[in-house]
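Each chain gets a letter, A, B and so on, in the order the sequences are listed, and its residues count up from 1.
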Protein chains: 2
Amino acid sequence: MSPQRRAGLGTNQEAVRRHNLGTMLRHVHGAGHTSRAELTSLMGLNRSTIAGLAGELESLGISEHTTAVGGARQGAGRPSAGVRIAPDGPYVIAVDLGVDRAVVARVGLGGRVLERAQAPVHSDGEAWQVGAAVAALIRRVVEGAPATAPLVGIGISVPGLVRRSDGLVRLAPNLEWHDVSFGGIVLAALGLDVPVSIANDADLGALAEHVRGAGVGVDDLIYVSGNVGVGAGVIAGGVRLEGAGGYAGEVGHLRFNPQGRPCHCGNLGCWETEVGGHAIAEAIHCPPDKVAQLDEVLEGFTVPTRELRATGTAVGHGLASIVNTFNPRMIVLGGYFRVLYPLVGAEVDAGLADRALPAPLESVTLALPGLGSDSALLGAAEIALDPLFVDPVAALGTALVDVRSRLVG
Amino acid sequence: MSPQRRAGLGTNQEAVRRHNLGTMLRHVHGAGHTSRAELTSLMGLNRSTIAGLAGELESLGISEHTTAVGGARQGAGRPSAGVRIAPDGPYVIAVDLGVDRAVVARVGLGGRVLERAQAPVHSDGEAWQVGAAVAALIRRVVEGAPATAPLVGIGISVPGLVRRSDGLVRLAPNLEWHDVSFGGIVLAALGLDVPVSIANDADLGALAEHVRGAGVGVDDLIYVSGNVGVGAGVIAGGVRLEGAGGYAGEVGHLRFNPQGRPCHCGNLGCWETEVGGHAIAEAIHCPPDKVAQLDEVLEGFTVPTRELRATGTAVGHGLASIVNTFNPRMIVLGGYFRVLYPLVGAEVDAGLADRALPAPLESVTLALPGLGSDSALLGAAEIALDPLFVDPVAALGTALVDVRSRLVG
DNA sequence: AAGAATTTGTTGTCCGCGTGAACGCAGCGG
DNA sequence: CCGCTGCGTTCACGCGGACAACAAATTCTT
């Protein structure tokens, strides 16, 4: 957004070029395929400036121009040159680490998943074992990458608290991790040195849904991930809300029912004890060992149980606190909530409407993830791609070419 | 922060100049008195560029240079020229509307309160009556302004929900206002046409404490205003968190005790029913008609009652939810909490430590307002000054000179 | 006390980058 | 077929920040 990272600095003309180049790339990335005319109107710059920027992106190997257009033209005049992501351009590795499985994908600009692999992981495994499994998946996924395509970085989604200053996983309760430097572990297992970004899964879900999911164009959005634990990712004013340490959005531990059940955090009746995976499982009489497959079990229902409807109301009541606190325009219901909401949507809506303040309530919309269960994965790709939008030239400078041979060697 | 308002736009060189001039002014405003050398290092620009910018600010009548310095020098070399806010430079009118009184001040750049006036207002009065009273205070405060000094705008702090798109006061429960266009009312009573900015008092408290109070340099800060109603203003990543409609931060209606007392919002046991002004009054057996003077009553205590200690614990428990949700580095306790915290700080701290997650807890600090009870007032000044930092030249273009004679005529 | 060292203000030049006008080009419509 | 419209291309221009050289104002050193 801003031409420099730290606020309070001045802008010099190098920064202008960086910013404009990055902004153009962000637009091309968002749309996948655009025209120079559209970029001109979007960015408010002169035709000739846009031409220069587009040419630079092209000479960097990021984009390419298209002339032949099959689509229906609109209006008279010379058709504008198309701008498209280059097929052998820069790419990233995205990792979505779940409680029971890891998904790894090679993702190009435009958010295209070029390759994908996944494997189960044991939740009682040591972090280095998980790291080795992820590294193996990465090797497999990189296999088919063009030799000339640069690897910009690796983005990792983790279900836990991640310190933003250095990416340390402070706590991942369901993996039983404390202070794990998972980025370093993966890099060591790969024998590579590329930029690694790690963040919380809900934060990344929010980011992905904001960029290319249900919340495109929505600048105040919250992604609530209802899994065994409940967390939220917040986009406020178009920017990720991170908090001082990077732990913002832990709405699962909002006080909900002081007379309720004990939570692993030590308190009584946190919201996630009433609406988390275990609570949902109980509401549908699902055996505890099948909680990991709760999605599929829930999909078997057509009519909700009475207990499930009560859970829906509790979800709505909790969302009301979120609405009052953040005043979002949209709440995306991810995780198990994605299959829960079609069943008990009426109860969730009623619970929310009952408890939220009228003013923030009137502008909020509940939505399902536009990216299905890939939100966190694509969010991981987004944070890995982010340096490209801040400074394309510098990001390509630190990128790695011919990764395949480096991995073999 | 950013050279243009809307994201996604390109930057041209006019924008660079605007941004650099605004950023320099922001620094001068923040420090009150600086040197060109310091600005050079802060903004990362060349000496000659800084000289040009400083000269432009001076020719706009905003700042002036100082050569004679009485302070202790440090290090060798030619002493740097000072940059100081001009005494007859641009100013704003700040209005802090409370439940029982209105404070109006004339505030110059640097946050200096140049003049101040206040008057009681009747909480059962109509909005236009309050507007007339405020207008009278504004006339009094403008009296002493230099004829050449331009009035940049009016900033108003309101204890209620303010829609950010147009500044409409959607709801101010303790003033019994619904959908009041208070900015328009004040302007009509004055017969002037200047930019008016209105916002919630807690939001403005947060802003002021961030810029020149207890939270200078703290980019993730929450100001909790504990009055009859409880609200919060949030600074996240150095930027105000507003939410889609501008209503973010209504933490007073977080679910706290589902078996509790009814709240005016229609729910049971909202946080503010347990820690708001009426709850505090009850805890110290203060008669309900003296709630407005609760500050002074509380200051009479040296040893807290048992009920007050319980209230302190409840404050801590509620703050824990805030800490888990926002992960701030600092929480500033405003309103009645400002006098409550010195009495029951131990209980508040313990309640917070007991309920917050370890990771976000370890980096948070509780603090009292560095600006005393003027936080909201100075925050109102800040939002009125803000256009100056975005584009000084344009803001001075819309500013009003010789306000005094215009008001008389 | 006088010169060296250091830091800053000032001046003139240079260069990068966006702008704008003029021209050529490609598709549409009559 | 030709005119219209909108876009790409080219070039001169201007603005703004960087840079180097010099002057000025202190402090430090001898």
Side-chain angles (χ1 to χ4, degrees), chain A residues 3-4 9-24 34-59 63-84 391-393, chain B residues 3-4 8-24 34-60 63-84 391-393:
Chain A
Q4 64 273 333
L9 271 72
T11 304
N12 55 19
Q13 60 227 8
E14 301 170 59
V16 170
R17 187 66 170 184
R18 273 202 304 273
H19 173 249
N20 285 347
L21 203 60
T23 303
M24 169 173 281
T34 343
S35 68
R36 274 159 56 173
E38 196 174 340
L39 290 170
T40 304
S41 79
L42 278 175
M43 295 182 61
L45 299 179
N46 196 285
R47 281 209 299 268
S48 40
T49 309
I50 296 293
L53 291 168
E56 189 164 349
L57 281 189
E58 204 165 310
S59 72
S63 68
E64 53 185 29
H65 62 274
T66 51
T67 54
V69 200
R73 300 239 127 282
Q74 46 190 7
R78 174 174 174 170
S80 184
V83 181
R84 178 173 58 186
D391 187 346
V393 180
Chain B
Q4 66 273 330
L9 270 71
T11 305
N12 55 18
Q13 58 228 10
E14 302 171 277
V16 170
R17 186 66 170 185
R18 273 202 301 274
H19 173 249
N20 285 347
L21 203 60
T23 303
M24 169 173 281
T34 343
S35 68
R36 270 156 62 170
E38 196 175 340
L39 290 170
T40 304
S41 79
L42 278 175
M43 295 182 59
L45 299 179
N46 195 281
R47 283 209 300 269
S48 45
T49 307
I50 295 293
L53 291 168
E56 189 163 348
L57 280 189
E58 202 164 313
S59 72
L60 286 170
S63 68
E64 53 185 28
H65 62 272
T66 52
T67 54
V69 200
R73 299 240 125 283
Q74 47 191 4
R78 173 175 175 170
S80 185
V83 180
R84 177 173 60 184
D391 186 346
V393 179

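- Taking E14(B) as the reference, nothing meets the side-chain hydrogen bond (donor to acceptor under 3.5 Å, both in side chains) condition, with sequence neighbours excluded.
- Partners of R36(A) by side-chain hydrogen bond (donor to acceptor under 3.5 Å, both in side chains), not counting sequence neighbours: none found.
- Look at CE on M43(B): it is 15 Å from C1' on dA18(D), rounded to the nearest Å.
- Each salt bridge (charged side-chain N to carboxylate O under 4.0 Å, His left out) pair with one or both residues in residues 47-57 of chain B, not counting sequence neighbours, appears once here: R17(B)-E56(B).
- Taking the side-chain hydrogen bond (donor to acceptor under 3.5 Å, both in side chains) definition, one finds that R84(A) meets it with E64(A), sequence neighbours left out.
- Scored by the side-chain hydrogen bond (donor to acceptor under 3.5 Å, both in side chains) test, E38(B) finds no partners at all (sequence neighbours excluded).
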Starting at the 5' end of nucleotides 6-19 of chain C, put B wherever the base has a protein heavy atom under 4.0 Å, S where only the sugar-phosphate does, and a dash everywhere else. BBBBBB-----BSB
